Novice: 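Below is a structure I'd like to ask you about.
Here the structure is a predicted model, which means the values were calculated and not measured. Just so it is clear, the values below take in all heavy atoms, side chains as well, and ignore hydrogens, waters and symmetry mates.
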Amino acid sequence: MLDETLYWQIVHNADANLLHITWKGTAADMPENEFKTHLLRFVELLRATEAKKFLVDASAGHFIMLPHIQEWHDRTIVPQYKAMGIRRIAFVYPDDIAQAMSLDQAFDEKQAQQLLTRFFSSMDEAQAWVKV
């Protein structure tokens, strides 16, 4: 286990050169500032491990990223992903349609479109794709 909080658990898979983030159901209700803090922490973990891919399991729930958070993510987080050479990002959708849409929209922002990102309904499909 690389990191665990009330909202997520992160495991480093060194063999596949990826980080696996599992958002907990509590993430749906986290405060906005806490979400930003978690994403900044995630960037630090990517940098420290030199992982080039990540798998996000949001099936238990995810913070709803309102448009201003999506824009912050695109301005603040995505450039760091690009600078680190992140090659693949796989998401397993949450069941909640609003949460799923906010993830889609966040990665449809201008800079995020330059990342190789895919969304899946099953963990098996996401793992198979991200490990390539």
Side-chain angles (χ1 to χ4, degrees):
M1 180 93 50
L2 188 59
D3 194 39
E4 184 166 19
T5 70
L6 176 64
Y7 304 110
W8 73 10
Q9 177 181 34
I10 299 180
V11 175
H12 179 218
N13 181 333
D15 294 337
N17 196 24
L18 73 87
L19 292 185
H20 182 161
I21 307 95
T22 303
W23 286 99
K24 299 176 181 179
T26 52
D29 299 320
M30 70 193 308
E32 181 178 300
N33 65 330
E34 194 67 32
F35 181 71
K36 287 181 174 181
T37 298
H38 274 68
L39 288 188
L40 292 168
R41 171 74 177 139
F42 181 66
V43 168
E44 291 173 14
L45 294 171
L46 279 171
R47 195 171 282 118
T49 60
E50 299 181 359
K52 298 299 179 198
K53 303 176 266 188
F54 59 92
L55 170 60
V56 180
D57 180 356
S59 60
H62 195 275
F63 177 79
I64 294 178
M65 298 171 66
L66 296 174
H68 70 281
I69 298 294
Q70 294 167 14
E71 291 168 10
W72 172 84
H73 178 265
D74 202 52
R75 282 190 324 270
T76 306
I77 302 299
V78 172
Q80 295 183 71
Y81 292 164
K82 289 168 40 182
M84 287 184 274
I86 298 301
R87 293 194 313 262
R88 285 180 178 249
I89 305 169
F91 283 89
V92 177
Y93 274 128
D95 289 334
D96 182 283
I97 191 70
Q99 295 171 9
M101 285 179 60
S102 80
L103 282 171
D104 269 345
Q105 291 169 347
F107 283 87
D108 198 34
E109 293 285 330
K110 185 177 180 178
Q111 292 201 60
Q113 288 179 4
Q114 299 169 32
L115 298 170
L116 185 55
T117 307
R118 296 272 162 79
F119 296 87
F120 301 90
S121 56
S122 85
M123 181 59 71
D124 290 341
E125 291 173 324
Q127 287 177 325
W129 179 81
V130 80
K131 288 183 178 178
V132 172

Novice: Decide whether L46 and I89 are clustered together by the hydrophobic rule: side chain heavy atoms of Ile, Leu, Val, Met, Phe, Trp, Tyr closer than 4.5 Å, transitively.
Specialist: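 L46 clusters together with I89.
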
Novice: Would you kindly say whether D108 and Q113 are connected by a side-chain donor-acceptor distance under 3.5 Å?
Specialist: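 Present: a donor and an acceptor within the cut-off.
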
Novice: Is a donor on one side and an acceptor on the other found under 3.5 Å between the side chain of K24 and the backbone of T5?
Specialist: yes

Novice: Give a yes or no on whether a salt bridge exists between E44 and R41, defined as a side-chain N under 4.0 angstrom from a carboxylate O.
Specialist: yes

Novice: Between Y7 and F63, does the ring centroid distance fall short of 6.0 Å?
Specialist: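 No - the distance between ring centres of Y7 and F63 does not fall below the 6.0 Å cut-off.
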
Novice: What are the two closest heavy atoms between L103 and P94, and how far apart are they?
Specialist: CD1-CD, 3.9 Å

Novice: Is there a donor-acceptor contact under 3.5 Å from the side chain of Q99 to the main chain of D95?
Specialist: no

Novice: What is the minimum heavy-atom distance between T26 and L6, and which atoms define it?
Specialist: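 Minimum heavy-atom separation between T26 and L6: OG1-O, 2.5 Å.
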
Novice: Considering the options W8, F119, W23, which one meets the ring pair (Phe, Tyr, Trp, His ring centres under 6.0 Å) requirement together with H62?
Specialist: W23

Novice: Quick one: CG on L39 to CD1 on I77, what's the gap to the nearest 0.5 Å?
Specialist: 5.0 Å

Novice: Provide the closest heavy-atom pair for A27 versus G61 in the form atom of the first, atom of the second, distance.
Specialist: CB-O, 4.5 Å

Novice: Hey, quick one: are V92 and L19 part of the same hydrophobic cluster, counting side-chain heavy atoms closer than 4.5 Å, chains of contacts allowed?
Specialist: no

Novice: Would you say D74's side chain and A112's backbone share a donor-acceptor pair under 3.5 angstrom?
Specialist: yes

Novice: Compare all side-chain heavy atoms of Q9 with those of M1 and state whether any distance is below 4.5 angstrom.
Specialist: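 When only atoms from C-beta onward are counted, M1 and Q9 do touch, with a gap below 4.5 Å.
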
Novice: Out of curiosity, Y81 OH to K52 NZ, how far, rounded to the nearest 0.5 Å?
Specialist: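 Here the rounded value is 13.5 Å.
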
Novice: What I'd like to find out is whether the side chain of E125 reaches to under 4.5 Å of the side chain of R118, using heavy atoms alone.
Specialist: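 No - every pair of side-chain heavy atoms lies 4.5 Å or more apart.
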
Novice: Name the one of W129, F120, F107 that satisfies ring pair (Phe, Tyr, Trp, His ring centres under 6.0 Å) with F91?
Specialist: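 Exactly one pass, corresponding to F107.
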
Novice: Do M123 and Y93 sit in one hydrophobic cluster, given that two such residues count as connected whenever their side-chain heavy atoms are within less than 4.5 Å of each other, even indirectly?
Specialist: no

Novice: Mind checking whether I10 and L40 sit in one hydrophobic cluster, side chains of I, L, V, M, F, W, Y counted as touching below 4.5 Å?
Specialist: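 Per the 4.5 Å side-chain linkage, I10 and L40 are co-clustered.
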
Novice: Can you see which heavy atom on Q70 is nearest to which on S102, and at what distance?
Specialist: NE2-O, 3.7 Å

Novice: Does V11 reach the side chain of T22, with side-chain heavy atoms less than 4.5 Å apart?
Specialist: no

Novice: Please check: side-chain N/O of H38 versus main-chain N/O of E34, any donor-acceptor pairing under 3.5 Å?
Specialist: yes

Novice: Let me confirm one number: the NZ-CG distance from K131 to D15, rounded to the nearest 0.5 Å.
Specialist: 9.0 Å

Novice: At their closest point, which heavy atom of R87 faces which heavy atom of L116, and how far apart are they?
Specialist: O-CB, 3.3 Å

Novice: Using distance alone, with no hydrogens and no angle criterion, decide if D124 and S122 have a side-chain donor and acceptor under 3.5 Å apart.
Specialist: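 The criterion, which ignores hydrogens and geometry beyond distance, is not satisfied for S122 and D124.
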
Novice: Can R88 and L18 be said to form a side chain to side chain contact (heavy atoms under 4.5 Å, CB included), step by step?
Specialist: CA-CA 9 Å; R88 285 180 178 249; L18 73 87; over 6 Å; no

Novice: So which heavy atom on N17 is nearest to which on A51, and how close?
Specialist: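 Looking at all heavy atoms of both residues, the closest pair is OD1-CA, 3.3 Å.
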
Novice: Can you tell me how far CE of M65 sits from NZ of K36, rounded to the nearest 0.5 angstrom?
Specialist: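 Here the rounded value is 10.5 Å.
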
Novice: Any side-chain heavy atom of L45 within less than 4.5 Å of one from H12?
Specialist: no

Novice: With clusters defined by side-chain heavy atoms of hydrophobic residues (ILVMFWY) lying less than 4.5 Å apart, directly or transitively, does I69 cluster with M101?
Specialist: no

Novice: Rounded to the nearest 0.5 Å, how far apart are CG of D3 and CD1 of I21?
Specialist: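 Between D3 CG and I21 CD1, I get 10.5 Å after rounding to 0.5 Å.
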
Novice: Could you give the distance from CZ (F35) to NE2 (H73), rounded to the nearest 0.5 Å?
Specialist: 6.5 Å

